[in-house]
Number of protein chains: 2
Amino acid sequence: MRADKRKKLEAAGWAVGGASDFLGLTPEESAYIDMKISLGNALRERRKSQQISQVALAKRVKSSQSRIAKMEAGDPSVSIDALIKSLLALGASSTELSKAICSAGSEAA
Amino acid sequence: MRADKRKKLEAAGWAVGGASDFLGLTPEESAYIDMKISLGNALRERRKSQQISQVALAKRVKSSQSRIAKMEAGDPSVSIDALIKSLLALGASSTELSKAICSAGSEAA
DNA sequence: CGAAAGCATGCCATATATGACATACCATGA
DNA sequence: TCATGGTATGTCATATATGGCATGCTTTCG
């Protein structure tokens, strides 16, 4: 239940908009991972739109550059809590968070 | 930064729909806690609507009754990850999760 | 060609969340 | 009355996530 996620994530570079689990993931696992990826993307976008580096963001949220990178990458070692806290720190509204999470569920429109 | 949250939560029974932080919480902390409470409520509702007990849900998500209770209570010791995983296990869609999260941001309409 | 800035990835010690268990509380009904 | 089922709350050992750090890889700019 650890290797699975990693595999999914490794395949994620590919899964641009996607959710599909051709790996052995339950729908819940898949949904969970998709959410992380969505939030990670949202984080990167928000950070870039504010023109700040990972290092700067790390300082802002009292974390480290490596962790920010992992967050944006949807690394299995980062929690959704971390993603959410970082997004909030960048001024994201809960509405915005909702959008990111919801967009995780959009099956290949 | 630990006692604060607990305090907020203890006061939360009162904060029915609310967010306001008359305690010393930053807006982000407040938003984060509100999300947890919202998700906790969503979890309880969904569980009740499916007529299952905390014990049953615990078994389903491979956890324990106490943890479910804490989740529904928005206890500081539970992560949003746990909440989300449990909701997903109860068949909640990402859209539904979005709604719960978003409703956390609704300032005393 | 360096040097510097930005990012990715691996590792590790420590902090934090988790499951499990015990216990207590409140209903309901026998 | 006392069982029984459902829930709340505390504690503890262990699992997991985190911050920090080192390192390597690209670009860009001098």
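What you see below is based on every heavy atom in this structure, not just the backbone, and it leaves out hydrogens, waters and symmetry mates. Letters A, B, ... mirror the listed sequences (proteins, then strands); counts begin at 1.
- Remark: C1' of C:dT9 and CD of A:Glu72 are 14 Å apart, rounded to the nearest angstrom.
- Nearest heavy atoms, B:Leu97 versus A:Met35: CD1-SD, 3.7 Å.
- Under the salt bridge (Lys or Arg N to Asp or Glu O under 4.0 Å) criterion, B:Arg67 pairs with no residue at all, not counting sequence neighbours.
- For A:Ser63, there are no side chain to side chain donor-acceptor pair (under 3.5 Å) partners, not counting sequence neighbours.
- In this structure, CD of B:Gln51 is placed 17 Å from C1' of D:dT7, rounded to the nearest angstrom.
- Just one residue in the list A:Arg44, A:Glu72, A:Lys59 forms a side-chain hydrogen bond (donor to acceptor under 3.5 Å, both in side chains) with A:Gln54, and that residue is A:Glu72.
- Per the geometry, CG belonging to A:Leu57 stands 13 Å off P belonging to D:dG20, to the nearest Å.
- B:Ala42 and B:Ala100 make their closest contact through CB-CB, 4.0 Å (heavy atoms, listed as atom of the first residue, atom of the second, distance).
- Separating the CD1 atom of A:Ile68 from the C1' atom of D:dT18 is a distance of 11 Å, rounded to the nearest angstrom.
- Residue B:Leu43 contributes atom CG, which lies 14 Å from atom C1' of D:dT7 at whole-angstrom precision.
- The CD-P distance, from B:Glu45 to D:dT7, rounds to 14 Å in whole Å.
- For the atom pair B:Ser86 OG and B:Ile68 CD1, the distance stands at 5.0 Å (nearest 0.5 Å).
- For residues 94-104 of chain A, the salt bridge (charged side-chain N to carboxylate O under 4.0 Å, His left out) pairs, not counting sequence neighbours, are A:Arg46-A:Glu96.
- Not counting sequence neighbours, the partners of B:Ser66 by the side chain to side chain donor-acceptor pair (under 3.5 Å) test are B:Ser64.
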Counting primed atoms, P, OP1 and OP2 as sugar-phosphate and everything else as base, the B/S/- map of nucleotides 18-24 of chain C against protein heavy atoms under 4.0 Å is BBBB---
Expected rows: protein N/O vs nucleotides 26-28 of chain C N/O, under 3.5 Å:
none

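- The side-chain contact (heavy atoms from CB on, under 4.5 Å) check on A:Ala31 picks up B:Leu88, with sequence neighbours excluded.
- Checking the phosphate oxygens (OP1, OP2) of C:dC7, a side-chain nitrogen or oxygen of A:Arg47 falls inside 4.0 Å.
- When rounded to the nearest whole Å, the span between OH of B:Tyr32 and P of C:dT16 equals 12 Å.
- For the pair B:Lys59 NZ and D:dT7 P, the interatomic distance rounds to 13 Å; values are reported in whole Å.
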